[in-house]
Number of protein chains: 2
Amino acid sequence: MSASLSGSKKTKEAPRTRDRAATEEKILAAVEQILARDGFSALGINEIARQAGVDKVLIYRYYGGLPELLRAFGERGNFWTSIEELLPDIAALREQPIAELLTAFLSRFIDALRKRPLTIEILAMEIDAPNALSQVLDEVREEWGRQVAKVLGGDTHPDTVELNVSINLIVAGALHLMVRARRTVAWSGIPIQQEQGWDAIKHGIAWLVPRMLSNGGMPHGK
Amino acid sequence: MSASLSGSKKTKEAPRTRDRAATEEKILAAVEQILARDGFSALGINEIARQAGVDKVLIYRYYGGLPELLRAFGERGNFWTSIEELLPDIAALREQPIAELLTAFLSRFIDALRKRPLTIEILAMEIDAPNALSQVLDEVREEWGRQVAKVLGGDTHPDTVELNVSINLIVAGALHLMVRARRTVAWSGIPIQQEQGWDAIKHGIAWLVPRMLSNGGMPHGK
DNA sequence: GCGTCTTGTCACTTGTCGGTGACTTTAAGC
DNA sequence: GCTTAAAGTCACCGACAAGTGACAAGACGC
């Protein structure tokens with residue numbers, strides 16, 4: 001079926017059989033599918049070639065090897081959530097107490113991440129085997145963290161250092177539960193694979209944040 | 001080839017002492033060494049036999065396979081921290097505000113876990129590949145969680161549900177940072193491989209806990 | 001038409017893994 | 001002594017992994 005080109009001198013149509021760009025796309029798509037379906041441990045050259053329906057030698061030719069392929073995959077990006085995506089209504093929220101803003105932010109952050117199983121997978125892989133892909137995510141997240149600090153800390157809160165650590169601890173905890181939820185049904189009684197469990201977590205955060213931001217019960221001046 | 005000649009079967013000069021108990025111990029020790037040195041991904045039958053200086057067929061004979069070996073290893077126990085170990089002075093602490101008790105508990109919990117790299121390794125392995133070993137740890141931890149709730153929640157706090165979720169979130173966050181610290185130097189600017197970073201985290205917790213336990217700034221009731 | 005580079009196919013080497021059959025050597029019971 | 005069963009050794013298997021060399025065939029410039 002060698003696509004006998006009947007009068008196709010200028011060949012505008014996409015070449016079917018021989019098309020490097022399409023092959024590269026198939027390879028990248030295979031990476032995504034394998035990661036989503038079986039996780040990082042299943043991500044090898046052979047498996048990628050198999051999934052993409054492509055000879056593995058092409059992976060070496062086009063990318064050099066797995067690390068470079070992962071980097072290329074990582075640069076397709078969109079693995080994290082932008083601040084704007086999380087807080088489109090930031091102007092309105094600024095009218096409210098800061099606790100409202102932070103609560104909304106954390107709650108939406110959880111929802112957004114949980115809709116990105118691929119990101120959670122990368123996060124999990126980073127725990128055991130940091131690689132080119134997780135490094136890309138790492139850089140994005142660091143920059144994100146800086147922006148978050150700026151947006152939320154804009155109104156110079158008195159205890160910025162401790163508050164910052166506390167927020168980071170909560171974020172880390174949420175990420176931990178998301179990562180664990182891939183394989184484990186519950187955490188200390190919280191059903192982290194079910195919507196109900198995450199509602200409880202978000203509810204807990206909504207309870208915690210205002211207390212965290214208040215100076216309740218503390219002697220003044222720290 | 002195949003020199004079936006019985007000429008000189010001398011090759012091995014050391015007629016290994018024959019001692020099953022000692023061999024089993026060597027195998028279990030090898031598991032521990034590999035886990036501590038290279039992590040779970042390096043833990044295979046061949047590698048264990050190599051590290052133990054023992055033929056792998058003995059692993060199959062004595063344990064049946066890797067899962068059973070892991071279970072046997074897990075039952076050597078001591079992977080978690082008892083409440084008593086964390087709070088030997090609980091009686092004295094009970095005289096203090098509850099915030100003191102909880103702060104001390106979390107802080108010591110972090111210190112205790114960080115001194116158990118093997119436990120952190122098991123925790124990490126559980127994220128990607130729950131197995132017989134992580135299951136043992138899981139059971140211990142669930143029971144531990146129940147005891148903690150009893151000790152800390154003994155004085156019926158008004159907001160037990162949300163408080164419980166919040167504490168769990170903090171614990172999960174701390175565990176996440178410990179697990180990440182095996183391979184990553186920092187988290188959002190916190191140097192989690194250095195004592196200084198963990199001091200900051202504990203300091204943050206000491207700041208957060210009293211606020212969490214107060215009703216600061218909140219309308220009463222809800 | 002011709003040659004040439006690129007895309008794609010195939011077969012192969014090398015290494016490691018989990019797992020097993022069959023052997024030899026030791027120690028203990030008689 | 002002899003028998004026997006356990007402890008330990010050796011060699012092998014099949015599966016699968018990463019990586020490579022050789023080659024067929026489409027696409028393109030001329």
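The sequence lines fix the lettering, A, B, ..., with proteins before strands; numbering per chain opens at 1.
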task: Take nucleotides 12-17 of chain C nucleotide by nucleotide from the 5' end and write B, S or -, depending on whether a protein heavy atom sits under 4.0 Å from the base, only from the sugar-phosphate, or from neither.
output: -----B

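- The NZ atom of B/Lys26 sits 10 Å away from the C1' atom of D/dG8 (whole-angstrom rounding).
- The nearest whole Å value for the distance from the CG atom in B/Leu58 to the P atom in C/dG18 is 16 Å.
- At distances below 3.5 Å, not a single donor-acceptor pair connects side-chain atoms of B/Trp80 with backbone N or O atoms of B/Trp144.
- Within the structure, salt bridge (charged side-chain N to carboxylate O under 4.0 Å, His left out) pairs that include any residue of residues 132-141 of chain A comprise A/Glu126-A/Arg141, A/Asp138-A/Arg141, A/Asp138-B/Arg180 (at least two apart or interchain).
- Atom-to-atom, CZ of A/Arg61 to P of D/dC23 comes out at 14 Å; the value is rounded to the nearest Å.
- Take A/Arg183 and apply the side-chain contact (heavy atoms from CB on, under 4.5 Å) test, not counting sequence neighbours, and it matches A/Glu121, B/Asp128, B/Pro130.
- Distance, A/Asp19 CG to D/dC28 C1': 15 Å, rounded to whole Å.
- For the pair B/Ile48 CD1 and C/dG19 C1', the computed distance is 14 Å after rounding to whole Å.
- The side chain of A/Thr23 contributes an N or O atom lying less than 4.0 Å from OP1 or OP2 of C/dG8.
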With the criterion being N/O to N/O and under 3.5 Å, what pairs connect the protein with nucleotides 4-6 of chain D, and how long is each?
residue : atom : partner : partner atom : Å
D/dA6   : N3   : B/Arg18 : NH2          : 3.3

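- Counting only residues at least two apart or on different chains, no side-chain hydrogen bond (donor to acceptor under 3.5 Å, both in side chains) pair has a member in residues 65-75 of chain A.
- Applying the side-chain hydrogen bond (donor to acceptor under 3.5 Å, both in side chains) test to B/Asp55 and every residue at least two apart in sequence or in another chain returns nothing.
- For residues 170-191 of chain A, the set of pairs meeting the ring-ring contact (aromatic ring centres under 6.0 Å, His included) definition, not counting sequence neighbours, comprises A/His176-A/Trp187, A/His176-B/His176.
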Pairs of donor and acceptor atoms involving the side chains of residues 25-39 of chain A, under 3.5 Å and at least two apart or interchain, shall be tabulated with distances.
residue : atom : partner : partner atom : Å
A/Glu25 : OE1  : A/Arg76 : NH1          : 2.7
A/Gln33 : OE1  : A/Gln51 : NE2          : 2.3
A/Arg37 : NH2  : A/Gln51 : OE1          : 2.5

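- If you measure from atom CG of A/Leu69 to atom P of D/dG19, you get 12 Å, rounded to the nearest angstrom.
- Note on A/Val54: nothing from the nucleic acid sits closer than 4.0 angstrom, heavy atoms only.
- The pair A/Asp111-A/Arg116 fails the salt-bridge criterion, with no side-chain N (NZ, NE, NH1 or NH2) lying under 4.0 Å from an Asp/Glu carboxylate O.
- Under the ring pair (Phe, Tyr, Trp, His ring centres under 6.0 Å) criterion, B/Phe79 pairs with B/Phe73, not counting sequence neighbours.
- Residue A/Asp38 contributes atom CG, which lies 12 Å from atom P of D/dA17 at whole-angstrom precision.
- In this structure, B/Asp55 atom CG and C/dG19 atom P are separated by 14 Å, rounded to whole Å.
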